Amino acid sequence: MEREKIQAIVERVLSRIDAGEMPAASSAPTSPNGVFKNVSDAVAAATTSHQILVAVPLEKRREIIANIRRRCAENVNTLATMAHEETGLGRVADKIKKNLLVIHKTPGCEILEPKAWTGDSGLSLVERAPFGVIGSITPCTNPSETIICNGIGMIAGGNAVVFNTHPLAKGTSAYTVDLVNRASMEVGGPNNLLCCIETPTIASANELMKFPGVRMIVVTGGGEVVKAAMNSGKICIAAGPGNPPVVVDETADIEAAAAGITAGCSFDNNVICTDEKEVFVVESVADRFIEAMRDNGCVQLRNHQITRLEKLIMMPDGVHVNKKWVGRDASKMLKAIDVPFSGDPRLIICDVPFDHPFIQHELLMPVLGITRVRDVNEGIDFAVKAEHGYGHTASMWSKNIDALHRMARVINCSIFIKNAPNYAGLGYGGEGYTSFTIASPTGHGLTTAVDFTRVRRCTLAGYFRIV
Ligand code: NAD
């Protein structure tokens with residue numbers, strides 16, 4: 001569609017705002033695009049953008065999304081570096097991979113397939129329609145990735161979004177919002193498809209969750225924000241914490257398991273919710289497995305060193321992690337506890353009993369607890385307990401199909417990975433699309449545009465069947 005036609009639609013919508021038929025932002029957006037001082041202005045701007053988005057042809061929506069992918073890919077180094085500098089979490093090279101994953105493998109409009117029933121009574125058509133304005137709360141662990149992923153899915157569904165981003169990552173988040181809006185405008189789409197709050201706080205998150213005109217709340221974060229979203233009184237998609245266990249049995253390819261677990265667990269210094277968090281390995285192969293982990297560059301701690309690390313990274317209650325160490329390089333922790341190492345080790349491993357905090361709690365650090373188990377069934381039973389019913393992610397390395405089958409059934413997670421690093425379950429080296437909002441508590445799993453849309457049916461009785 002030519003630029004003039006789009007411009008005409010934009011002008012029509014703006015004249016309706018002038019006439020008072022539609023809400024308007026009470027102040028012009030500050031620079032960068034889409035960043036607002038308060039929730040009210042952001043919701044008003046997003047409402048206008050949504051109206052424009054649904055007024056332009058679907059082909060334009062596809063073009064906007066294609067250009068968002070292109071512009072984000074061109075800026076991927078900046079996104080990764082900025083997030084690392086601002087939050088201090090993870091590794092730049094891994095953040096580049098995470099961003100490229102969401103840029104290329106987040107589904108767009110193509111996932112919204114219409115459905116039709118025809119018969120003697122005529123035709124019924126079902127299509128997926130936008131909610132309008134969605135409120136989305138995002139984490140510091142994947143700041144640009146979550147905005148790009150939710151942004152593409154929500155725009156594909158015809159929505160505009162107001163993000164309340166993590167205060168620790170507000171700069172990277174605002175940069176991403178601006179980048180996406182500029183990509184939209186560049187091909188004749190509206191500004192402010194994505195909006196965010198300049199200085200996000202828990203108070204602004206709560207205001208967004210209750211704000212009139214916000215039809216759906218999508219949160220990605222820890223247990224507290226999940227609870228808050230579920231109490232918001234709005235339709236909610238909640239992606240919460242996990243504690244992904246890995247079971248390794250005696251039939252597994254031990255070298256492949258060690259290489260895969262090292263790569264998966266250390267990915268972006270373990271800040272991804274789906275990354276491997278603890279291992280249950282069958283006793284008969286445990287020494288070989290740990291040796292293979294060391295061969296992959298992991299640093300194994302001795303007992304007194306484990307105690308020192310525990311004191312460093314856990315709070316005195318032994319339950320909460322010391323946030324100062326979340327997502328930091330293994331080398332920094334090793335230095336802090338005075339353990340010699342060479343190079344830039346990706347992962348620290350600790351042979352610990354089942355009740356140890358490194359097994360029981362989501363650390364979000366390149367520290368992996370490994371517990372020895374009698375046999376594969378004990379490993380699966382421990383995995384179920386250590387997952388704590390989050391229903392999030394789990395994995396297993398085995399060639400025993402009965403054991404794989406049992407674990408798949410009893411672990412009951414949104415994502416279960418067999419014989420591959422956990423990131424394969426996000427579509428990185430595994431089949432299928434990706435999502436960085438994995439909504440286990442509300443049962444949506446890897447969310448897409450399908451989840452960000454509502455179902456509408458149109459029935460025409462007696463006509464339109466063609467056979
Ligand atoms: P976090 O819970 O500290 O923050 C997430 C967001 O929620 C932030 O924007 C924060 O400001 C907001 N928030 C926190 N408490 C709130 C409250 N009481 N009311 C309103 N808003 C609140 O999490 P984080 O440290 O940014 O991210 C790490 C956590 O998120 C981990 O537990 C990880 O497993 C989880 N996570 C889950 C997924 C998933 O898809 N399931 C994806 C990424 C992260």
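In this chain, residues are counted from 1 in sequence order. Everything numeric in this text was worked out from a predicted model, so none of it was measured. Remember, it's 1-based here, ligands and their atoms both numbered in the order they're listed.
- In this structure, Y428 and F267 have parallel ring planes: the angle between them is below the 30° cut-off, well short of the 60° mark.
- Closest of all the heavy-atom pairs between I237 and M216 is CD1-CE, 3.8 Å.
- Closest non-hydrogen pair, N99 versus S144, comes out as OD1-OG, 2.8 Å.
- Listed as neighbours of ligand 1 are I137, T138, P139, C140, T141, N142, N164, T165, H166, P167, I202, A205, N206, M209, T220, G221, G222, E224, V225, A228, A239, G240, P241, G242, C273, E362, L364, H392, F436, T437, I438, each bearing a heavy atom under 4.0 Å from the ligand.
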- Message: For V177 and F163: C-alpha separation, side-chain torsions, deciding distance, then whether side chain to side chain contact (heavy atoms under 4.5 Å, CB included) applies.
- Response: CA-CA 9 Å; V177 162; F163 288 101; 4.3 Å; yes

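- Proximity of I217 to I235: side-chain heavy atoms (C-beta onward) are nowhere separated by under 4.5 Å.
- Not counting sequence neighbours, the partners of N75 by the side chain to side chain donor-acceptor pair (under 3.5 Å) test are Y175.
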